[in-house]
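So you know, we letter chains A, B, ... as the sequences are listed, proteins then strands, and number each from 1. All values below come from the heavy atoms of this structure, side chains included, with hydrogens, waters and symmetry mates left out.
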Amino acid sequence: CCQIRQLDVLLLDCIFVIFTVIMEMIYLLDSRWEEERYTDGVKWKFLEHKGPVFAPAYEPIPSHVKFYYDGKHMKLSPEAEEVATFFAKMLDHEYTTKDIFRKNFFKDWRKEMTSEERAKITDLKKCDFTEMSEYFKAQSEARKAMSKEEKQKIKEENERILQQYGFCIMDNHKERIANFRIEPPGLFRGRGDHPKMGMLKRRIRPQDIIINCSKDSKVPEPPPGTKWKEVRHDNKVTWLVSWTENIQGSIKYIMLNPSSRIKGEKDWQKYETARRLKKCVDRIRAQYREDWKSKEMRIRQRAVALYFIDKLALRAGNEKEEGETADTVGCCSLRVEHIKLYPENEGQEYVVEFDFLGKDSIRYYNRVPVEKRVFKNLQLFMENKEPDDDLFDRLNTSILNKHLQELMDGLTAKVFRTYNASITLQQQLKELTTAEENIPAKILSYNRANRAVAILCNHQRAPPKTFEKSMQNLQSKIDAKRDQLADAKRELKSAKADAKVRKDEKSKKAVESKKKAVQRIEEQLMKLEVQATDREENKQIALGTSKLNYLDPRISVAWCKKWGIPVEKIYNKTQREKFAWAIDMAEEDYEF
DNA sequence: ACCGACACTTAGTACACTTTTT
DNA sequence: AAAAAGTGTACTAAGTGTCGGT
């Protein structure tokens, strides 16, 4: 009987183990990044969602809030009033003082006016929006001063909308949608010197919207009494909703969150391409160095541009339509005026000075010594040209990328940025991390490695408005901690002296506890100092962009595992969700 | 070769929310 | 409890790169 029972237990155990193994296999199969990949451009088989959330309808302002033209009160039509409120809300911003902004705004505003209004309102300078502006300021104050319950209510409502519209089903998985809210109307704010700043960004209606979902899904309902522009079933694209925006005429999309399978896989693929570049980058470098000597101008230009893209992590630099956007450039679109050549500069030979506005009108300024051949080539390219002529007149991104494609499957200019960013992180981590350091110091090292990449990629930010002040605060904290440490040391000394005389248990214990206190304070001081260094070095540098878009997350995960750093210290919750695939797959010995 | 349409990634900022300090 | 500081997220502009037509 007993034996049988034992057998029974064994059997049960066995079944349990088998069950667990099967479940694990199912889990592995189900694990999104292990799933079978589609071929020939198919992105999904099933897609169902609830459509977009539209911007709330315009709420007219109360009649006691007045608008004045030329000092006289004027009641605006709802259409004109709405556009006026957009301007009023930006009154404190320096945009509204800019000529182009005002001109564009006024032109578009007049289009929304009734003919009577248009006849009357002919000069923006005579418009007085201050009451409107005050009203909105008061509104936002009131919102801040709301009671806990009211705030809670709003939060719950937001949560409800998120639950209803913020998710979709794509191929057996419920996925988070990135931007399910339609962009509200307002005044366009470009970055930098944008020729279209101040133009009216139209309100998007259901009849502007294209819905994309699978045929066998429940098609989202348009709001009562409205129709979608189109419902299509295109599984070769990843977007759920699209519309055409009226400023540039470009298409906007609603797509999935970075945590989704479809984005995660693409991200992984991107880093795998960069790793393939690692294997052949020596060959490619040797090749472009050869090409500097080519007898063909176009090949020399291609080779010098590629050298910049590789060495300086410049962007490709597509052509842009003149007058449609801010005047910014990348590598292939550099103009003569953007570089200066110094045969000798501060003891270095063949120095090139770059000074241009890149993406988002962020200034790129750099002085770099280059090889003699590059320098001579640049002199050649600049011969007989005006400052606003193209530096690489025989080159564009399409020519460059076609060439790259021949050197390696899937290679384009942007892969170099990914490759150089990731390899730099890996190298810097190796160089900067030392075994003896404690965790905060190791994290400082990580941030420094991250920073090296951000500098390479020129990821800048406006120094935070409160930077100086918060730096001062931190410094005074450090000073206070130093005093505290001195005190603690003094106390320890006297406790030691005391213990020497008394030689009893109690005084010995006192020494021990004082020792501990000193140690603790030392640690705290160290942490503060590390923090101060980190912050100072970070003043104008944004780490987030490279962390999110250029650094193979497996490098960071491996580093965490190697040094026993919890991954939460490096990635916050959102980042961990985005990089779930990497956290899942990277081991301590992962090499990019 | 060139162009426009399209799809998708990369980017900085404003502000909401959370945590720490006073 | 209020204020200040710090962090995270939403937002949406601005890039890159491909494709199909001419």
Side-chain angles (χ1 to χ4, degrees), chain A residues 41 43 55 90 93 140 143-144 151 154-155 158 162 166 177-184 186 188-192 194 196-197 201 210 212 234 236-239 242 244-245 247-258 262-263 266-267 269-270 309 315-321 324-326 328-333 357-362 396-402 404-405 410-418 421 454 457-462 464-467 469-474 477 531 535 540-550 571-575 577-578:
Chain A
K43 304 287 169 52
M90 298 172 86
H93 206 286
S140 87
R143 218 171 312 124
K144 270 185 219 154
K151 280 185 183 167
I154 293 173
K155 214 173 159 186
N158 279 334
L162 173 67
I177 298 169
N179 55 324
F180 56 90
R181 286 173 199 276
I182 298 280
E183 296 171 17
F188 177 78
R189 318 143 82 121
R191 313 237 168 103
H194 198 116
K196 299 194 171 182
M197 61 167 80
K201 214 170 95 162
I210 303 175
N212 192 34
D234 182 356
K236 303 262 174 80
V237 296
T238 65
W239 53 267
S242 76
T244 302
E245 150 271 350
I247 304 286
Q248 324 268 1
S250 66
I251 308 169
K252 299 254 181 168
Y253 303 93
I254 292 183
M255 291 186 191
L256 296 193
N257 201 60
I262 205 147
K263 294 285 183 190
K266 197 83 190 293
D267 210 32
Q269 218 179 69
K270 173 179 78 186
I309 285 171
R315 294 188 185 83
N318 283 310
E319 308 88 297
K320 324 203 297 176
E321 242 180 303
E324 295 293 301
T325 60
T328 62
V329 296
C331 186
C332 293
S333 50
L357 297 183
K359 182 178 180 180
D360 293 314
S361 293
I362 297 291
N396 61 39
T397 54
S398 144
I399 294 171
L400 179 64
N401 280 334
K402 228 165 255 161
L404 292 175
Q405 189 57 235
L411 187 61
T412 62
K414 83 196 264 285
V415 178
F416 281 89
R417 245 168 108 81
T418 312
C457 295
N458 200 40
H459 290 142
Q460 298 190 26
R461 62 166 183 175
K465 285 192 180 69
T466 55
F467 184 86
K469 207 170 144 240
S470 88
M471 213 56 211
Q472 271 173 16
N473 286 347
L474 194 55
K477 258 196 214 166
Q531 207 185 355
R535 196 180 299 176
Q540 301 193 62
I541 298 168
L543 300 187
T545 305
S546 50
K547 204 174 190 176
L548 246 42
N549 300 301
Y550 289 102
Y571 292 136
N572 67 31
K573 187 161 152 282
T574 321
Q575 294 165 339
E577 281 166 11
K578 166 163 179 169

**Student:** Atom NZ of A/Lys252 to atom P of B/dT9: distance rounded to whole Å?
**Tutor:**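 Distance, rounded to whole Å: 16 Å.
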**Student:** With respect to the phosphate group of C/dA14, does any side-chain polar atom (N or O) of A/Thr328 fall under 4.0 Å of OP1 or OP2?
**Tutor:**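 Looking at the OP1 and OP2 atoms of C/dA14, neither is under 4.0 Å from any side-chain N or O of A/Thr328.
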**Student:** For B/dA5, take OP1 and OP2 only and decide whether either is under 4.0 Å from a side-chain N or O of A/Ser250.
**Tutor:**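 The answer is no; no side-chain N or O of A/Ser250 sits under 4.0 Å from OP1 or OP2.
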**Student:** Please report the shortest heavy-atom distance between A/Val415 and A/Gly410, naming the atom on each side.
**Tutor:**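 Nearest pair, atom of A/Val415 first, then A/Gly410: CG2-O, 4.0 Å.
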**Student:** Nearest of B/dT18, B/dC8, B/dG12 to any side-chain atom of A/Lys155?
**Tutor:**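 Nearest listed nucleotide: B/dT18.
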**Student:** Using whole Å, report how far CG of A/Asn257 lies from P of B/dT9.
**Tutor:**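 The answer, rounded to whole Å, is 12 Å.
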**Student:** How close or far is atom C1' of B/dC2 from atom CG of A/Asn396, stated in whole angstroms?
**Tutor:**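 Rounded to the whole Å, the gap is 10 Å.
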**Student:** Please check if the side chain of A/Lys578 supplies one atom and the backbone of A/Lys263 the other of a donor-acceptor pair under 3.5 Å.
**Tutor:**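 No: the side chain of A/Lys578 does not pair with the backbone of A/Lys263.
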**Student:** Do A/Lys196 and A/Gln248 have side chains that get closer than 4.5 Å, going by heavy atoms?
**Tutor:**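 Side chain of A/Lys196 against side chain of A/Gln248, heavy atoms only: contact under 4.5 Å found.
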**Student:** Distance check: side-chain N/O of A/Asn318 vs OP1/OP2 of C/dG15, anything under 4.0 Å?
**Tutor:**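 No.
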**Student:** Is the closest basic N to carboxylate O distance between A/Glu577 and A/Lys573 below 4.0 Å?
**Tutor:**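 Looking at A/Glu577 and A/Lys573, the cut-off is met.
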**Student:** The side chain of A/His194 is closest to which nucleotide in this list: C/dT18, B/dA11, C/dA14?
**Tutor:**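 Between C/dT18, B/dA11, C/dA14, the one nearest the side chain of A/His194 would be C/dA14.
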**Student:** Scan A/Lys266 against the nucleic acid and name what it touches under 4.0 Å (heavy atoms): base, sugar-phosphate only, or nothing.
**Tutor:**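 Result for A/Lys266 = sugar-phosphate.
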**Student:** Just checking A/Ala413: base, sugar-phosphate only, or nothing, at a heavy-atom cut-off of under 4.0 Å?
**Tutor:**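 If one applies the 4.0 Å heavy-atom cut-off, A/Ala413 turns out to touch the sugar-phosphate alone, with no base involved.
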**Student:** Does A/Glu245 pair with A/Lys201 as a salt bridge, N-O distance under 4.0 Å?
**Tutor:**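 Here A/Glu245 does not pair with A/Lys201 in a salt bridge, since their nearest N and O are not under 4.0 Å apart.
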**Student:** From CE of A/Met197 over to P of B/dT13, roughly how many Å is that when rounded to an integer?
**Tutor:**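 From A/Met197 CE to B/dT13 P: 14 Å.
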**Student:** Do any side-chain nitrogens or oxygens of A/Ser398 fall under 4.0 Å of OP1 or OP2 in C/dG17?
**Tutor:**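 For A/Ser398, the contact criterion (side-chain N or O under 4.0 Å from OP1 or OP2 of C/dG17) is not met.
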**Student:** Between C/dG8 atom P and A/Leu548 atom CG, what is the distance in whole Å?
**Tutor:**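 After rounding, the gap between these two atoms is 12 Å.
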**Student:** Please classify the nucleic acid contact of A/Gly317 as base, sugar-phosphate, or nothing, using heavy-atom distances under 4.0 Å.
**Tutor:**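 Touches sugar-phosphate only.
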**Student:** Can you tell which of B/dA11, B/dT13, C/dA13 lies closest to the side chain of A/Arg315?
**Tutor:**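 It is B/dA11.
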**Student:** Under 4.0 Å, heavy atoms only, any strand: does A/Arg417 hit a base, just the sugar-phosphate, or nothing?
**Tutor:**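 If one applies the 4.0 Å heavy-atom cut-off, A/Arg417 turns out to touch the sugar-phosphate alone, with no base involved.
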**Student:** Taking only side-chain nitrogens and oxygens of A/Thr574, does any of them come within less than 4.0 Å of OP1 or OP2 of C/dG8?
**Tutor:**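 No, no such contact exists.
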**Student:** Using a 4.0 Å heavy-atom cut-off, does A/Ser242 contact any base of the nucleic acid, only the sugar-phosphate backbone, or nothing at all?
**Tutor:**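 It contacts nothing in the nucleic acid.
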**Student:** A/Leu411 CG to C/dT18 P: how many Å, rounded?
**Tutor:**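 Between P of C/dT18 and CG of A/Leu411: 10 Å.
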**Student:** OP1 or OP2 of C/dA13 sitting under 4.0 Å from any side-chain N/O of A/Lys201?
**Tutor:**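 Checking A/Lys201 against C/dA13: at least one side-chain N or O falls below 4.0 Å of OP1 or OP2.
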**Student:** Select one nucleotide: of B/dT10, C/dT12, B/dT9, the one nearest the side-chain heavy atoms of A/Tyr550.
**Tutor:**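 Selected nucleotide: B/dT10.
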**Student:** Give A/Pro184 one of three labels, base, sugar-phosphate or nothing, depending on what nucleic acid heavy atoms sit under 4.0 Å from its own.
**Tutor:**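 The residue A/Pro184 makes sugar-phosphate contact but no base contact.
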**Student:** Using OP1 and OP2 only, check whether a side-chain N or O of A/Asn179 sits under 4.0 Å from C/dC11.
**Tutor:**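 Indeed not, no polar side-chain atom of A/Asn179 lies that close.
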**Student:** Which sits closer to the 5' end of DNA chain B, A/Glu319 or A/Lys270, going by the nucleotide each is nearest to?
**Tutor:**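 The residue mapped nearer the 5' terminus is A/Glu319.
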**Student:** So what does A/Arg191 hit on the nucleic acid, given a heavy-atom distance under 4.0 Å: a base, only sugar-phosphate, or nothing?
**Tutor:**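 Touches a base.
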**Student:** Closer than 4.0 Å, any side-chain N/O of A/Tyr253 to the OP1 or OP2 of C/dT12?
**Tutor:**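 For A/Tyr253, the contact criterion (side-chain N or O under 4.0 Å from OP1 or OP2 of C/dT12) is not met.
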**Student:** With a 4.0 Å cut-off on heavy atoms, is A/Gln460 in touch with a base, just the backbone sugar-phosphate, or nothing at all?
**Tutor:**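 Result for A/Gln460 = sugar-phosphate.
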**Student:** Classify the nucleic acid contact of A/Thr397 as base, sugar-phosphate or nothing, counting any heavy atom under 4.0 Å across all strands shown.
**Tutor:**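 Nothing, no nucleic acid heavy atom in range.
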**Student:** Answer with base, sugar-phosphate or nothing: what part of the nucleic acid does A/Gly544 contact at a heavy-atom distance below 4.0 Å?
**Tutor:**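 Here A/Gly544 touches no strand at all.
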**Student:** Could you please name the option among B/dA11, C/dA14, C/dG17 that lies closest to any side-chain atom of A/Asn549?
**Tutor:**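 Comparing B/dA11, C/dA14, C/dG17 against the side chain of A/Asn549, the answer is B/dA11.
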**Student:** Under 4.0 angstrom, heavy atoms only, what part of the nucleic acid is A/Lys402 near: base, sugar-phosphate, or nothing?
**Tutor:**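 The residue A/Lys402 makes no contact with any strand.
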**Student:** Looking at A/Lys414, I'd like to know whether one of its side-chain N or O atoms comes within less than 4.0 Å of OP1 or OP2 on B/dT9.
**Tutor:**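 Result: no.
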**Student:** Whole angstroms only, please: what is the CG-C1' distance between A/Asp360 and B/dT9?
**Tutor:**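 Those two atoms, CG and C1', are 13 Å apart.
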**Student:** Touch check for A/Ala462, heavy atoms < 4.0 angstrom, all strands: base, sugar-phosphate only, or nothing?
**Tutor:**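 Result for A/Ala462 = sugar-phosphate.
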**Student:** I want to verify a distance call: between C/dG8, B/dT13, C/dT18, whose nearest atom is closest to the A/Arg461 side chain?
**Tutor:**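 The listed nucleotide nearest to A/Arg461's side chain is B/dT13.
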**Student:** Over how many whole Å does the gap from A/Asn401 atom CG to C/dC19 atom C1' extend?
**Tutor:**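 Going from CG in A/Asn401 over to C1' in C/dC19 covers 14 Å.
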**Student:** Looking only at side-chain N and O atoms, does A/Lys43 come under 4.0 Å of OP1 or OP2 in B/dC8?
**Tutor:**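 For B/dC8, OP1/OP2 do have a side-chain N/O of A/Lys43 under 4.0 Å.
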